[in-house]
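Only one structure is covered here, and it is reproduced in the block below.
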There are 2 protein chains.
Amino acid sequence: MTKRGPTLEDVAREAGVSRATVSRVVNGVRNVDPRIQEAVRRAITRTGYTPNQAARSLVTRRTGAVALVFSAAGEAFAARVFADPFFGRVVDGALGFLRERAVQPVLLVAESEQARTQVVQYLRQGAADGALVVSLDADDPLPGMLVAAGVPTVLFGRPPGPLRAGYVDLDNAAGARLAAGHLLARGRRRLATIGAPRSAPAARERLDGFRAALAEAGITGVPVVRGRFTAASGREAMARLLREHPGLDGVFAANDLMALGACQYLRERGVAVPGDIAVVGFDDSRAATECRPGLTTVRQPVEEMAAAMARLLVDRLRGAAEEGSRVLFDPVLVVRESS
Amino acid sequence: MTKRGPTLEDVAREAGVSRATVSRVVNGVRNVDPRIQEAVRRAITRTGYTPNQAARSLVTRRTGAVALVFSAAGEAFAARVFADPFFGRVVDGALGFLRERAVQPVLLVAESEQARTQVVQYLRQGAADGALVVSLDADDPLPGMLVAAGVPTVLFGRPPGPLRAGYVDLDNAAGARLAAGHLLARGRRRLATIGAPRSAPAARERLDGFRAALAEAGITGVPVVRGRFTAASGREAMARLLREHPGLDGVFAANDLMALGACQYLRERGVAVPGDIAVVGFDDSRAATECRPGLTTVRQPVEEMAAAMARLLVDRLRGAAEEGSRVLFDPVLVVRESS
DNA sequence: CTGAAAGCGCTAACAT
DNA sequence: ATGTTAGCGCTTTCAG
């Protein structure tokens, strides 16, 4: 049923040369007479030849593609992933880097156990040369499965345990310190935090860093309510904080979306931001700029980090980087109106 | 550098049978002695064998994967795609269907001309068996390029011209009529619309349908301001409408995100929704339920439509469906608080 | 029910 | 600088 297109053989015959020569031209190998190159090129356009990737991969053991895998369990996973600007930034960052190098990025979504198995199988079968993995849970088995399957892997965020995989990460604790310092400098002392599920390592570092910084300033017992990285959960968390700790004057949220939800809630309740309560988010995503008032936040250079992941992987595939290479980024405080 | 794993040959030797037999077992062909099957299975686990997809594809001309392509030009395309709940719903719908059939979904993003070329090349080289395409612009060359490259293709939305591709679509005009009828029934007569770029066919049908329905009720000259499908553009459009047509009592937006932006703006300006101005959106995305007040909207069953696309493609790959098959869905009005 | 053998289309030594 | 040749790992007739 699939009509087979022209092969190297056909082009070779058309151009009156051997398969090998055509292959050389196609792959841009030097040492081919310019006139013959030209003839081959014409034969290629005349026949409408396209290399067969399967045949090529079979011998080169390469595909020229790299997978970008988003992993986490849950209902309507894609709908949630696509609702969070964070992932879009990762995609933009990785794509920008890969396109330039003519590496084809393919996005894979591992939203369930079945999906995880399928994704691992797909990659272990050689559908891509390596994987960039963004996993949301510390206990996600996917990174380990990929590494065990021999797939060159680079992670967003330090893996919870030792793993033969490279990674790119932000100094989350330092970012949290920036947020803490800012709130303190603004004279806020009755602080609270909106956290994330315990399984999210980055968010955990943020909260720990925040509390550590406050502890150094003599402030302890900072309340935490956990959200799920969504604006809706930020609202709920804020509602609860307000109920249980009426005297608050400052809130630090583990990401912008939750900070946004918190701001919305406060505004609806007639609580002034930053007048009554100052709010600081984390990420500097679109949500931060679209928030009214503009959200003060800790910038995480997601696009650059994703590009760094891609670079790490590409270098490693070329043999130019170690298996466990890593790159750390520094956060920057972006002050807007919310605090 | 890539360590090559065990091959069929290795498993065959281990099990004391021929390659052909192992292949039969792996591919679930009947007519294999149960005892031999068992022996082969053990040999497979013992050796840790995984089939090499390239070798397999080379002979079968199949990959077992299907591409889901998002296409449209623009800066930070992925960031925008990921900001719109619509795409997440498409992904969830398609993935749900494909997973069950053990077809691997791979997401491809065509955000620039270069990307388009790369994507077409990738698919024409046989990296996937077919493509599900969600394209935002009527003048997007990608669908045509894919069809010309011989890639079995199914589109979201009717293609602007004749194309040997299947598609799934919503009766957008009917949806717009529902919105119009609802606003009229609510006694609204001074209506306006927030549209989308002229290049978006679906949005165009919505506006045309809306105006046609109003014309039947004797209302003409309905103002249009065009947005870009984003909440921010919805705000701007609403601001302009309010400025230029102060007496409005109802607005129909071509998607929920823009309706959401409009509601936010109205609220900030102290205009009551639906008291002063009734608002109707389109899609019934998450944005609709998260909007305050809840957004009245025309439901588009995106997940089902995406699943239908996947079914169309899979059937066609099996030879069980025609090249140009199509499926049409009916919209449903979902009344919430905004009108 | 199983095995032998012929490729699928391509790259990469190796010759020339 | 070009051609010849030997596979890459798998499926699939075709015999048996």
Side-chain angles (χ1 to χ4, degrees), chain A residues 1-41 43-44 47-65 121-122 124-127 129 150, chain B residues 1-41 43-44 47-65 121-122 124-127 129 150:
Chain A
M1 66 154 285
T2 312
K3 52 169 176 278
R4 17 164 112 195
T7 71
L8 264 195
E9 188 74 52
D10 299 322
V11 178
R13 200 179 314 116
E14 179 83 15
V17 298
S18 74
R19 279 197 331 245
T21 299
V22 178
S23 176
R24 288 183 187 110
V25 173
V26 170
N27 294 293
V29 177
R30 56 204 161 282
N31 296 344
V32 178
D33 186 303
R35 283 166 305 185
I36 293 198
Q37 277 194 40
E38 192 41 40
V40 169
R41 290 238 156 63
I44 287 175
T47 53
Y49 169 75
T50 315
N52 177 317
Q53 183 58 49
R56 195 177 251 178
S57 293
L58 185 53
V59 33
T60 61
R61 312 190 151 279
R62 286 308 198 97
T63 66
Q121 181 168 320
Y122 184 67
R124 126 184 286 167
Q125 288 183 350
D129 300 331
Chain B
M1 63 157 288
T2 313
K3 53 167 174 278
R4 17 163 112 198
T7 71
L8 264 195
E9 188 73 52
D10 299 322
V11 178
R13 201 180 313 116
E14 179 82 15
V17 297
S18 74
R19 275 191 342 238
T21 299
V22 178
S23 175
R24 289 184 186 110
V25 172
V26 169
N27 295 292
V29 176
R30 58 206 162 283
N31 296 343
V32 177
D33 186 305
R35 283 167 305 185
I36 293 197
Q37 277 193 40
E38 192 40 41
V40 170
R41 290 240 156 62
I44 287 175
T47 53
Y49 170 74
T50 315
N52 176 317
Q53 183 59 49
R56 195 176 250 178
S57 293
L58 185 54
V59 34
T60 62
R61 313 190 151 276
R62 286 309 198 95
T63 65
Q121 181 167 321
Y122 184 67
R124 123 183 288 168
Q125 288 184 350
D129 300 332

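Because the structure is a prediction, the values reported are computed rather than measured. Note on naming: letters A, B, ... go to the chains in the order of the sequence lines (proteins, then strands), and numbering restarts at 1 for each one.
- Taking atom CZ on A:Arg62 and atom P on D:dC8, their separation rounds to 19 Å, with Å as the unit.
- In the helix from C:dC1-D:dG16 to C:dT16-D:dA1, the end axes, each obtained as the rotation axis mapping the C1' atoms of four pairs onto the next four within a five-pair block, lie 40° apart to the nearest 10 degrees.
- Near DNA chain C, defined here as any heavy-atom distance below 4.0 Å, the residues from residues 17-24 of chain B are B:Val17, B:Ser18, B:Arg19, B:Ala20, B:Thr21, B:Arg24, listed numerically.
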From CA spacing to verdict: side-chain contact (heavy atoms from CB on, under 4.5 Å), B:Thr21, B:Arg24: CA-CA 5 Å; B:Thr21 299; B:Arg24 289 184 186 110; 3.9 Å; yes
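- When the P atom of C:dG9 is taken as reference, atom CG of B:Asn52 falls 17 Å away, rounded to whole Å.
- No donor-acceptor pair closer than 3.5 Å links the side chain of B:Glu14 to the backbone N or O of B:Ala43.
- Note that OG of B:Ser18 and CZ of B:Arg13 are 13.0 Å apart. Values are rounded to the nearest 0.5 Å.
- In this structure, A:Asn31 does not reach the D:dT2 phosphate: none of its side-chain N or O atoms is under 4.0 Å from OP1 or OP2.
- Look at CG on A:Asp10: it is 9 Å from P on C:dG9, rounded to the nearest Å.
- Separation of atoms OG1 (B:Thr63) and CD (B:Gln125) is listed at 13.0 Å; rounding is to 0.5 Å.
- Interatomic distance, A:Asn31 CG to A:Gln37 CD, rounded to the nearest 0.5 Å: 10.0 Å.
- One finds the OG atom of A:Ser57 at 7.5 Å from the CG atom of A:Asp129 (value rounded to the nearest 0.5 Å).
- Residue A:Arg61 contributes atom CZ, which lies 15 Å from atom P of C:dT11 at whole-angstrom precision.
- Once rounded to the nearest 0.5 Å, the distance linking CD of B:Glu9 with OH of B:Tyr49 reads 11.0 Å.
- Residues B:Asp33 and A:Tyr49 each lie close to DNA chain C; by heavy-atom proximity, the contact nearer the 5' end of the strand is made by B:Asp33.
- If you take CD of B:Gln125 and C1' of C:dC8, they are 16 Å apart, rounded to a whole angstrom.
- If you take CZ of B:Arg13 and P of C:dT2, they are 20 Å apart, rounded to a whole angstrom.
- Side-chain contact between B:Asn52 and A:Leu58 is present, with heavy atoms from C-beta onward closer than 4.5 Å.
- Side-chain contact check for B:Val26 versus B:Ile44: some heavy-atom pair is nearer than 4.5 Å.
- Across the protein-nucleic acid pair, B:Arg56 atom CZ and C:dG9 atom C1' stand 18 Å apart, rounded to whole Å.
- Taking atom CD of residue B:Glu9 and atom C1' of nucleotide D:dC8, one finds them 13 Å apart after rounding to whole Å.
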